[in-house]
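Below is one structure; the comments refer to it alone.
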Amino acid sequence: MRAALALALATGPALADTPRFTDLSDRIPAHVYAGGWEHFVGGGVAAFDCSDNGLPDLFLAGGEGPSRLLRNEGEMRFTSQEIDLHGVTGAYPITLDNDGVIDLFVLRAGPNVVLRGLGDCQFEDVTEALGIDAGNAWSTAFTAWWAPGAARPTLFVGNYVDRDDPDGPFNACDDNQLLRPEGAGWRSAPLTPGYCPLSALAAPDARDRMTLRLSNDRHYYVRDGHEQMRDIAEERYLGPEDGWPELMLWGMGIASRDITGNGRADVYLTSMADQMLQLAQTDGTYRVAPFEMGHTAHRPFTGDDGRPSTGWHAQWGDVTNNGRADLFVAKGNVDQMPDLAMADPNNLLLQGAGGRFTEAAHLAGVADPARARGAALVDLTGNGALDLVVVNRRAPARLYRNDTDPIGNWLAIELRQPGPNRFAIGARVTVTTEDGTQWQDHSIGGGHAGGQLVPLHFGLGVANAAQVKVRWPDGRETQINAAQVNRTLTVSPE
């Protein structure tokens with residue numbers, strides 16, 4: 001794939017080698033993720049279309065302060081509404097009541113909240129009405145999936161430190177929570193052991209089996225903990241006998257994408273001191289990517305602060321539309337940790353044709369040294385270029401427009417199917433052009449404290465046509481010949 005793509009780019013119209021972003025932060029009100037110890041972590045962004053105008057709107061977690069909804073009016077113009085909901089660490093778009101309107105599962109230091117979408121970016125609290133056990137924990141991770149034949153999704157809530165443990169905070173990680181649909185509501189049960197997760201993702205693993213991956217913060221589990229992978233069908237955690245090592249990280253965020261072309265999703269994990277890329281192998285195991293791939297982002301790449309970095313939200317996205325997924329990593333000190341970098345700019349790692357990554361955040365204009373937390377690479381204008389929004393602790397949120405020129409062709413794939421799982425969570429979308437094949441799973445979770453429910457974005461390079469294949473959650477397949485590109489294509493089962 002990479003050799004063919006490199007040849008196509010060499011012989012076709014030249015694309016930009018480096019993305020260019022314009023800082024438009026002055027177009028949104030100053031919004032800071034604020035608070036004490038309970039808001040050292042979190043600060044997520046949820047991206048979803050609540051106004052039904054085809055453009056993503058944004059929900060920004062506020063911590064001890066109010067959260068904020070930015071309604072997208074087009075042309076990078078937003079109307080802002082403060083949401084009188086405090087203690088918010090993050091939020092994930094999802095549909096819970098089968099009415100086809102996107103809802104929000106809001107994570108808090110305190111009882112979680114389900115906001116039912118009413119249309120036109122209006123919401124109501126239906127946590128109790130839907131039978132959701134809100135708990136009273138410090139929730140910091142979320143993911144969801146539809147079990148085969150289920151009318152509603154299974155929900156996972158990851159809880160951080162047990163604030164009521166008199167012997168805490170160290171070695172005091174709280175129980176996680178599993179919410180299974182039952183009757184008219186959801187049955188809540190603890191999921192143990194809990195090792196203080198800051199990110200969770202339900203998606204196929206290197207074995208191509210649905211697993212619940214948890215990235216855990218060893219700062220508080222200290223010992224007797226590790227990263228976790230739970231086989232969803234077998235309801236058990238994987239161990240060394242499955243080829244899953246007991247890896248210990250200061251785990252913050254998860255980003256999943258096949259970057260090697262072997263049909264298995266590779267996983268990037270953010271952490272304190274070192275960021276890790278796990279390359280999925282066809283035998284169902286993972287290996288740590290070699291340092292020479294240029295992905296580690298373990299220290300600030302600019303400035304004179306040589307202390308180790310702290311990574312938070314991570315997301316794959318093709319920012320130049322050349323057909324290769326790049327990687328954004330939000331960076332920032334937890335608060336005042338003296339052994340870690342204070343001036344820690346965000347990373348934008350461009351994937352080269354040979355699979356090696358090169359830093360470009362300073363060239364692209366997104367190397368902000370503020371204490372970043374959550375973020376979203378998402379097309380906010382509908383022109384096929386992935387823009388960027390970043391939530392910061394102790395500093396205003398940032399909004400960047402992608403003005404890369406010339407930029408490659410693209411397709412955005414929007415999935416719709418009848419029945420309760422209307423947005424086809426669990427589907428896999430494969431896009432093939434004359435230059436190669438790429439694919440993405442449609443999932444809820446990952447990142448750090450925030451997620452997206454938007455069309456899946458594919459950069460196509462110079463290709464002007466593509467074959468699209470959707471493997472639906474029930475195993476059926478739909479194939480479409482996209483003779484026109486640079487558009488959003490809505491796909492439903494045949």
For D258 and Q438, test the side chains for any donor-to-acceptor distance below 3.5 angstrom and give the result as yes or no. no
Atom pairs and distances, donor-acceptor, side-chain atoms in residues 144-153, under 3.5 Å, two or more places apart:
{"from": "R152", "atom 1": "NH1", "to": "G185", "atom 2": "O", "distance (Å)": "2.7"}
{"from": "R152", "atom 1": "NH2", "to": "G183", "atom 2": "O", "distance (Å)": "2.6"}
{"from": "R152", "atom 1": "NH2", "to": "G185", "atom 2": "O", "distance (Å)": "3.4"}

Quick one, L55 and L380 - any side-chain contact, counting heavy atoms below 4.5 Å? no
What is the distance from atom OG of S256 to atom CG of L201, rounded to the nearest 0.5 Å? 6.0 Å
One pair to check against side-chain hydrogen bond (donor to acceptor under 3.5 Å, both in side chains): D441 and S443. What are the steps and the verdict? CA-CA 6 Å; D441 286 322; S443 58; over 6 Å; no
E235/R180 ion pair, N-O < 4.0 Å: yes
Heavy-atom check, side chain of N347 versus side chain of V366, under 4.5 Å: no
Between the side chains of Q177 and N159, does any donor sit under 3.5 Å from an acceptor? no
Is the charged tip of R230 near the ring of Y237: under 6.0 Å from the six-membered ring centre and within 45° of its axis? yes
Do I480 and V470 have side-chain heavy atoms sitting under 4.5 Å apart? no
Check step by step if side-chain hydrogen bond (donor to acceptor under 3.5 Å, both in side chains) holds for E227 and N216. CA-CA 6 Å; E227 300 286 285; N216 300 310; 4.8 Å; no
Has D49 got a side-chain atom pairing as donor or acceptor with G54's backbone, closer than 3.5 angstrom? yes
Would you check if D224 and Y195 make a side-chain contact, meaning some heavy-atom pair closer than 4.5 Å? no
Looking at OG of S51 and CG of L69, how far apart are the two atoms once the value is rounded to the nearest 0.5 Å? 9.0 Å
Which of K331, Q275, H298 passes side chain to side chain donor-acceptor pair (under 3.5 Å) with S309? Answer is K331
Go through the steps to decide whether V106 and N112 satisfy the test side chain to side chain contact (heavy atoms under 4.5 Å, CB included), and finish with yes or no. CA-CA 6 Å; V106 181; N112 295 322; over 6 Å; no
I'd like to know if the side chain of Y160 pairs up with that of D217 as donor and acceptor (distance under 3.5 Å, no hydrogens or angles considered). yes
Is V389 close to Y400 at the side-chain level, that is, under 4.5 Å between some pair of heavy atoms? no
Worked verdict on V431 versus W439 for side chain to side chain contact (heavy atoms under 4.5 Å, CB included): CA-CA 6 Å; V431 173; W439 59 271; over 6 Å; no
Is any side-chain heavy atom of N383 less than 4.5 Å from a side-chain heavy atom of W410? no
Any chance you could measure L269, atom CG, to L198, atom CG, to the nearest 0.5 Å? 12.0 Å
Return the CZ to CG distance between F156 and L191, rounded to the nearest 0.5 Å. 6.0 Å
Can you check ring-ring contact (aromatic ring centres under 6.0 Å, His included) on H442 and F423, steps first, answer last? CA-CA 9 Å; H442 196 29; F423 294 91; 7.7 Å; no
Between D387 and L377, is there a donor-acceptor pair closer than 3.5 Å when you use the side chain of the first and the backbone of the second? no
Output, in order, the C-alpha distance, side-chain angles, deciding distance and verdict of salt bridge (charged side-chain N to carboxylate O under 4.0 Å, His left out) for E414 and R422. CA-CA 11 Å; E414 185 172 51; R422 182 176 180 184; over 6 Å; no
Between H448 and W312, does a ring-ring contact (aromatic ring centres under 6.0 Å, His included) hold up when you go through it step by step? CA-CA 6 Å; H448 178 71; W312 298 92; 5.1 Å; yes
Have T432 and T437 got a donor and an acceptor in their side chains that come within less than 3.5 Å? yes
Taken to the nearest 0.5 Å, the spacing of R356 CZ from M293 CE works out to 9.5 Å
Pair D208 + R428, salt bridge at N-O below 4.0 Å: yes
Among side-chain atoms of R476 and Q417, is any donor-acceptor pair under 3.5 angstrom? no
Just do the salt bridge (charged side-chain N to carboxylate O under 4.0 Å, His left out) check on D231 and R209 with the steps written out, would you? CA-CA 7 Å; D231 188 292; R209 288 179 59 86; 2.7 Å; yes
Would you say the side chains of H295 and Y268 form a donor-acceptor pair under 3.5 Å? no
For the residue pair W316 and F357, categorise the inter-ring angle as parallel (less than 30°), tilted (30 to 60°) or perpendicular (more than 60°). tilted
Can you label the angle between the F142 ring and the Y92 ring as parallel, tilted or perpendicular, going by 30° and 60°? tilted
Is it the case that the side chain of T89 and the backbone of S139 share a donor-acceptor pair, with hydrogens and angles ignored and the cut-off at 3.5 Å? yes
Apply the test side-chain hydrogen bond (donor to acceptor under 3.5 Å, both in side chains) to residues Q228 and H226: give CA-CA distance (whole Å), side-chain angles for both, the deciding distance (0.1 Å), then the verdict. CA-CA 6 Å; Q228 293 169 290; H226 47 81; 5.8 Å; no
Heavy-atom side-chain proximity of Q467 to N481 below 4.5 angstrom: yes
Quick one, F301 and P345 - any side-chain contact, counting heavy atoms below 4.5 Å? yes
Would you check if the side chain of S271 reaches a backbone N or O of W250 as a donor-acceptor pair within less than 3.5 Å? yes
Test your reading of the model: is there a side-chain donor-acceptor pair from Y286 to the backbone of A206, 3.5 Å cut-off? yes
Is there a salt bridge (charged side-chain N to carboxylate O under 4.0 Å, His left out) between D242 and R236 once you walk through the steps? CA-CA 11 Å; D242 303 292; R236 67 177 182 90; 3.0 Å; yes
Please check: side-chain N/O of D318 versus main-chain N/O of N322, any donor-acceptor pairing under 3.5 Å? yes
For D205, the option from L212, T211, T285 that meets side-chain contact (heavy atoms from CB on, under 4.5 Å): T211
CG/D274 to OG1/T296 distance, rounded to the nearest 0.5 angstrom? 8.5 Å
Are any side-chain N or O atoms of D103 and backbone N or O atoms of G117, one a donor and one an acceptor, separated by less than 3.5 Å? yes
Determine whether a donor-acceptor pair (N or O, by modelled atom type, separation under 3.5 Å) exists between the side chain of D326 and the backbone of V319. yes
With a 4.0 Å cut-off, would you call D97 and R116 a salt bridge? yes
The test is salt bridge (charged side-chain N to carboxylate O under 4.0 Å, His left out); show your working for R287 and D266 and say whether it passes. CA-CA 10 Å; R287 71 178 179 90; D266 310 296; over 6 Å; no
Would you mind listing every salt bridge (Lys or Arg N to Asp or Glu O under 4.0 Å) that reaches into residues 182-204, with sequence neighbours excluded? E182-R187
I'd like to know if the side chain of N486 and the backbone of G384 have a donor-acceptor N/O pair within less than 3.5 Å. no
Does D174 reach the main-chain N or O of W138 with its side chain, forming a donor-acceptor pair under 3.5 Å? no
